[in-house]
Amino acid sequence: MVITEIRGEERSAGGTRAGDGRRAAVLPVVVGLVAMAAYVRTAMPDVGFWDTAEFQTILPIMGTAHPTGFPTYVIVGWVANLLLTPFGEPAYRMNLLSGIFVAGAAALAVVLARRLTESTSVAIAAGLGLAMTPTAWAIGTHADPHALHLALVAGLLVLLVGWGDAHAAGSGRADRWLIAASAVFALAVGNHSLTLLLAVPVGLYVLAVDPKIVRRPRFVATCVAVLVGVIVVVYVQMPVRAGIFPAPLIYGHPETWDGFRYVVLAEQFRGSIVDPLGNLDVKAAELVALAAAQFGGLAILIPLGFVATLARRPRYALLSGSALAVTVFFSASYVNADISRYYLVPALIAWTWLAILAAVVVDQLPMSASGRGLQRASLVIAGLALLAPTVGALPERAVAVDRSADLGSRPWTDAALAAFAPDAVVVSWWSYSTALWYAQHVDGRRPDLWVVDDRTRLDQNLGDVIDVIDANFGTRPVYLIRTGPGEVVRLRERYVIEPIGNGQLANVYLVEARVAATE
């Protein structure tokens, strides 16, 4: 296929290739810095609850997170925590790290869109648009591995498209692009299992670009070896930190084969895919609503963007279209997560389609061979048009995602730690356990406490909540953190339990005695 190249805006009459190269390198960085400024302004300043607090704890101590373990994120986060030491507490550093990842993804989106369109203006629009998409912006404000997932997939797409272009040009260095893509894919697998959904789309793209690659077993073996080697190096972190050099906080037992498989394959989340072929009309309506919320008026142009991509870059359309379709299909049926995060990669892909659509529209305008100035102006206008809905929605989006005043779990944790008696057992559950673990393992506060999470009971074979209370009551103070009113009623049938405070500590109970009838 002959790829139409829009080059008019890329160099002035007296421009040089060196100048173009510098601009090509600088502009993505500028976009990333603009995005980072927004994320710093809206970032959560302290420790959160739930998974946010878990990652803020696990990364600085290089422990093991909940399934699938996220070893790439853990390793990178541990290094980043050291490098970002001047920037506040570890919790804030991990929040800042997410902003760095999403800003990096925005910069890579500029590189990708520019390669796909040969237009700097629309590429900048795509990068800034991705950065200010509500879901991407929100992920950039707090610790979450999906931020790194977005950055790694953006890098993967850049490498795959670069390989395709280099192969089409007959470059002798084309193979290096695909080998690098294999390594990035492996890192992405170690970061989030959503990457596995991209395996078939990537395979189809590789075969579409180079059907004869199957006749090069040595090169294929090299790519596979890089892929497997990087995955092994990344995942070995889990058994090493659980066994040989144990971290203070480990999820499951990844030092054993059964435990490793349990975490990596996320066996506890089996059954989270619900009726994938059912209620397709409802799912389609929800997807349309989600697209409208993320893209505003541009949402209606996304299908046209795919058509333009199919016409102009058919192999990229195969890669990105199949990747978006399989990710959306999976996410629409998955019920055990904040699903909006699962649409980050589809959002990235949609922005590249919109960029290609803008470039194709400009390419179809009637212009004389000497009309480079008009062409350049048209591309700038197209870029501004792409950004217009985002710019118009910025004030509202900034307020919606702003977590700069969110102190998270800090007030609750401070009050709880001050209230707990020495050497107490705290029978907790996930949301509050992670905040307490941060206080213990990162801040070094109250090491005398034993926080018994529901996960702790499983990993240490402690039985149910009643078993834990009975094993410790009378020898150590026992506190309960429960939120379900039904559970509290059942526990009161066996124990005298009273809340230790009002307001934020209303869900923290002290076990004062056993009910006489149960003795």
Side-chain angles (χ1 to χ4, degrees), residues 51 54-83 94 97-98 100-102 104-105 108 139 143-160 178-203 222-245 247 249-257 259-269 323 326-327 330 337 341-342 344-345 348:
D51 293 356
E54 181 205 14
F55 292 123
Q56 290 169 326
T57 304
I58 291 295
L59 272 58
I61 66 174
M62 200 190 287
T64 297
H66 70 270
T68 57
F70 310 97
T72 301
Y73 183 50
V74 172
I75 294 169
V76 173
W78 181 78
V79 174
N81 182 59
L82 298 178
L83 296 177
M94 298 304 96
L97 182 62
S98 286
I100 293 171
F101 288 146
V102 181
L108 287 168
I139 286 296
D144 194 306
H146 288 83
L148 179 55
H149 177 65
L150 179 63
L152 288 172
V153 173
L156 176 66
L157 294 178
V158 168
L159 291 169
L160 289 172
L178 193 56
I179 292 172
S182 300
V184 172
F185 188 91
L187 290 172
V189 169
N191 178 68
H192 203 291
S193 56
L194 278 176
T195 307
L196 297 175
L197 298 176
L198 306 180
V200 171
V202 170
T222 299
C223 292
V224 172
V226 169
L227 175 69
V228 174
V230 173
I231 289 176
V232 169
V233 168
V234 168
Y235 272 101
V236 79
Q237 177 268 339
M238 293 170 56
V240 167
R241 289 297 284 165
I244 302 174
F245 302 105
L249 190 60
I250 299 294
Y251 194 103
H253 290 284
E255 74 278 12
T256 68
W257 172 244
F260 182 82
R261 185 179 65 242
Y262 175 84
V263 175
V264 172
L265 299 182
E267 292 184 1
Q268 79 177 73
F269 296 130
V326 70
T327 302
F330 174 85
R341 301 174 297 176
Y342 285 34
L344 284 168
V345 169
L348 164 65

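Heavy atoms only: backbone and side chains are in, while hydrogens, waters and symmetry mates are out.
At a threshold of 4.5 Å between non-hydrogen side-chain atoms, the residues V264 and P67 do not count as touching. Side-chain contact between W78 and L59 is absent, with no heavy-atom pair separated by less than 4.5 Å. Put simply, the side chain of F330 reaches to within 4.5 Å of the side chain of L194, judged on heavy atoms. The closest side-chain heavy-atom distance from E54 to D51 is below 4.5 Å. Side chains of L152 and N191 form a contact here, defined as non-hydrogen atoms less than 4.5 Å apart. Residues L249 and I61 form a side-chain contact, since some pair of their non-hydrogen atoms from C-beta on lies under 4.5 Å apart. Counting heavy atoms from C-beta outward, Y262 and W257 have side chains that stay 4.5 Å or more apart. Counting heavy atoms from C-beta outward, V189 and T72 have side chains that stay 4.5 Å or more apart.
Of all non-hydrogen atoms in A65 and I58, the two that sit nearest each other are N-CG2, 3.9 Å. Listed here is the closest heavy atom pair of L198 and A323: CD2-CB, 3.7 Å. Across V184 and G155, no two heavy atoms sit closer than the pair CG1-C, 4.5 Å. Nearest heavy-atom pair, G63 versus V74, reported as atom, atom and distance to 0.1 Å: O-CG1, 3.6 Å. What you find for N81 and P60 is that their closest heavy atoms are ND2-CB, 3.7 Å. Of all the heavy atoms in A181 and L160, the pair that sits closest is CB-CD2, 3.9 Å.
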TODO: Let me see the working for H146 and Y342 under ring pair (Phe, Tyr, Trp, His ring centres under 6.0 Å), right down to the final yes or no.
DONE: CA-CA 8 Å; H146 288 83; Y342 285 34; 5.4 Å; yes
TODO: Let me see the working for L97 and L148 under side chain to side chain contact (heavy atoms under 4.5 Å, CB included), right down to the final yes or no.
DONE: CA-CA 9 Å; L97 182 62; L148 179 55; over 6 Å; no
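Between the Q237 side chain and the T64 main chain, no donor and acceptor come within less than 3.5 Å of each other. One N or O on the side chain of R241 and one on the backbone of M62 form a donor-acceptor pair closer than 3.5 Å. Although no hydrogens or angles enter the test, the distance criterion places a donor-acceptor pair under 3.5 Å between the side chain of Y73 and the main chain of D144. Looking at S182, its side chain never comes within 3.5 Å of a backbone N or O of L227 through a donor-acceptor pair. Between the T195 side chain and the A188 main chain, a donor and an acceptor come within less than 3.5 Å of each other. The closest donor-acceptor contact from the side chain of R261 to the backbone of L265 lies at 3.5 Å or more, if one exists at all.
We find the CZ-CE distance between F260 and M238 to be 5.5 Å, quoted to the nearest 0.5 Å. Note: L178 CG to L159 CG = 9.0 Å, rounded to the nearest 0.5 Å.
Using a 30° and 60° split on the angle between ring planes, H66 and F55 fall in the tilted class, from 30° to 60°. Note: H192 and H149 have tilted aromatic rings, judged against thresholds of 30 and 60 degrees for the angle between ring planes.
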